Amino acid sequence: MPQEKTKQKILIAVAWPYCNGDLHIGHIAGAYLPPDIFARYQRLKGNDVLMVSGSDTHGTPITVHAKELGISPREVVDRYHPRFIELFQKLGISFDLFTETDTENHWAVTQDFFLTHWENGYIYKGEMQQLFCLDCQKFLADRYVEGTCPYCGYPHARGDQCDNCGRTLDPTDLIDPHCKICGGTNLELRSTEHFFLDLGKLNEPLKTWINDGKKDHWRPSVFNFTKTQLEGGELRGRPITRDISWGIPVPLPGYEHKRIYVWYDAVIGYLAASKEWSQHIGRPEAWREWWQDEKARSYYFIGKDNIPFHTIIWPAMLYGYGGLNLPYDVPANEYLNVEGKQLSKSRHWVVEALDVLGRYDPDPWRYVLAANFPETQDIDFTWEEFVRRNNAELVATWGNLANRVLSFAYKRFDGQVPTPRAFDQRDKAILAQSEEVFERVSQLLDSVKLRNAITEVMGLAHEANRYLNDKEPWKQIKVDQEAAATTIYTCLQVIDRLKVLFLPFLPFSSQKLHEYLGYDGDIMGRQYVEEYMETKRKHLVLRYDGSNIAVRWELTTLPAGQPLRKPAPLFSKLEASVAAEETARMIARLTQEAA
RNA sequence: GGCGGCGUAGCUCAGUCGGUAGAGCAAACGGCUCAUAAUCGUUGGGUCACAGGUUCAAGUCCUGUCGCCGCCA
């Protein structure tokens, strides 16, 4: 049924990883793999996808980290930013642009935002009481004050939060507060002038926005939370500047020594990166198609801790700026726990993504994480589950299906796709099933139910195995060559469709399968790293080129007689011992770091 | 403390609009031998956190309690 295909503009905005440490698999499952699957699907459908993110480089955690290492904040960024890029390349996360916030472009876009908010009356000046270190002659950001937690007695609690009991604190709550820079205790409360985003003034328009009746597709956890907050009508001004030296200078005369608070500039990155991408492709105004066209849709992929920033603060900022689209959807995920415990760098319970990608292929990770996406609740990942899903589902159900059929065809039908005769009822049934699955998966992907979608796809692989066992082509071929040819053709046809269905999830193996089936061409696109020079500074970016992709999101028809390539298994089994080894590795690290 | 989400089989999780509780794993038995010993079939297992309420009918809606997670204070 040919329907008018209008290309939809899809902005895929991905949480900006904070650039002071490596990403773990919880980040991948929560925020980075989902948008890639969604982006690949949308591109295959023929929509115009712009998927952007970058390293979040400002803020005091990075300056604190830099001081601990005895290097500059910029050197901290230079240490982790390339590792993010390496990770996303290895995992196949197809950012149209992954950049960073310490760029001339981002500074300019942020300062423009600030000035526009200022001119539009959404920023006001106010006085704040802040601890000042008399020895350093500096105001201390919350994180630069250390002391004893008044709740649990932990002696190294920070001014913003206690790492031991997790409570949020005010620097003045601390017992025996001292300066983290010089260790001194000569602190006094002083008044300092700062700028505030007037969220109170933006509460009412946001209330109208959340109740506009166009949020039915939002996840309940995201929608209910946002709606309640906005209808409470109690949004208050929030400081957007700080007395630190690392960050974007306030663009007002007399205030250049103050810096823009990292939370304010980080979300602007979505727009800044879109503008940077437009520069790269040589159409500097292209970003407008994703940000100003009312029909464009923007999806923000984030973890649940980030919900208020993306459903309240960022929409408020966009509204206050004017003329830019507010989020169409914010499919926030819950958390991925590991072996029953929450991942936590400070508590030394981590599975670093780059580390494990050195030991295991990307598609098994993509599969296992997608099958476990925490879309509705926190999910418990175990290494045993990783091995089981890899061996019993990816290898045994899907990889083995492809391999058994391809091998049979290659050996018994002269290395070609066999020519079928008329299909019987059983053949027609499996082909019809592949169409139904295609429909269902499309609907699930459209509504960002990725976990259900991949389960449906795997279900079709399961059905194809059943079909094969019903037809027994290894028996048919002894008595009726054409019957076997029809069975194998039918199964290859289904596998070809599974290749497309799996492509957003498992691009690496779908590419291999594409070649085994005798096709040419690239179906997963090409990622590449560039160094981009601005007038004074340069930075590394990750980009993606999917312009030559040789398939579309549609039911394929495999040409009979097409020469096959010699097949090989798509996936490898893992030793059962892997689970115990990896768990032991985590526990070893835990006890070692704790000592 | 306030707000939101979650709590379902031994384990990990689905469950749409209120209509007789589902899948996978694990266990047992059987079929097949194309395939990486992979695959296919059959079989068991439930106080849907707890206590009330609405309804002809509640895992689902309402109230309260407990626990976990997040945001805010």
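We name chains A, B, ... by the order of the sequence lines, and we start the count at 1 in each one. Note that the coordinates shown come from a computational prediction; the quantities given were computed from them, not determined experimentally.
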Checklist entry - So which nucleotide from B/C25, B/C13, B/G41 ends up closest to the side chain of A/Arg466? => result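 Output: B/G41.
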
Checklist entry - Between B/U36, B/G5, B/G24, which one does the side chain of A/Asn224 approach most closely? => result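 Minimum distance to the A/Asn224 side chain belongs to B/G5.
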
Next on the checklist: Measuring only the P atom in each nucleotide, how far is B/A58 from B/G52? A whole number of Å is fine.
Outcome noted: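 Each nucleotide's P atom is 14 Å from the other's.
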
Item to check | B/C17 and B/G4, which share atom name C1', separated by this distance in whole Å | outcome: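 24 Å, rounded to whole Å.
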
Item to check | A/Asn452 vs A/Asp305, nearer the 5' end of RNA chain B by closest nucleotide | outcome: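 Nearer the 5' end of the strand: A/Asn452.
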
Checklist entry - Closest nucleotide of RNA chain B for A/Arg451 versus for A/Ile307: which of these residues is on the 5' side? => result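 Looking at RNA chain B, the more 5' nearest nucleotide goes with A/Arg451.
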
Close N/O contacts between protein and nucleotides 32-35 of chain B (under 3.5 Å):
unit_1	atom_1	unit_2	atom_2	d
B/C32	O2'	A/Trp474	NE1	3.2
B/C34	O2'	A/Arg404	O	3.3
B/C34	O2	A/Arg404	NE	3.0
B/C34	N3	A/Arg404	NE	3.3
B/C34	N3	A/Arg404	NH2	2.5
B/C34	N4	A/Arg404	NH2	3.1
B/A35	OP1	A/Lys411	NZ	2.8
B/A35	O3'	A/Asn403	ND2	3.1
B/A35	O2'	A/Asn400	OD1	2.3
B/A35	N3	A/Asn400	ND2	3.3
B/A35	N3	A/Arg404	NE	3.1

Checklist entry - A/Gln229 side chain N/O closer than 4.0 Å to the phosphate oxygens (OP1, OP2) of B/G2? => result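 No, no such contact exists.
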
Checklist entry - Are A/Gln377 and B/U8 close enough that a side-chain N or O sits under 4.0 Å from OP1 or OP2? => result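 It does not, given that no N or O in the side chain of A/Gln377 lies less than 4.0 Å from OP1 or OP2 of B/U8.
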
Next on the checklist: I'd like to know if A/Arg366 pairs up with A/Asp36 as an ion pair, taking the criterion as any Lys NZ or Arg NE/NH1/NH2 lying under 4.0 Å from an Asp or Glu carboxylate oxygen.
Outcome noted: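 Yes, charged N to carboxylate O under 4.0 Å.
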
Item to check | Paired nucleotide for B/A14 [Watson-Crick or G-U wobble; both distances under 3.5 Å] | outcome: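 WC or wobble partner does not exist here.
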
Checklist entry - Who is the Watson-Crick or G-U wobble partner of B/G4, with both distances under 3.5 Å? => result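 Pairing partner, where one exists within any strand: B/C69.
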
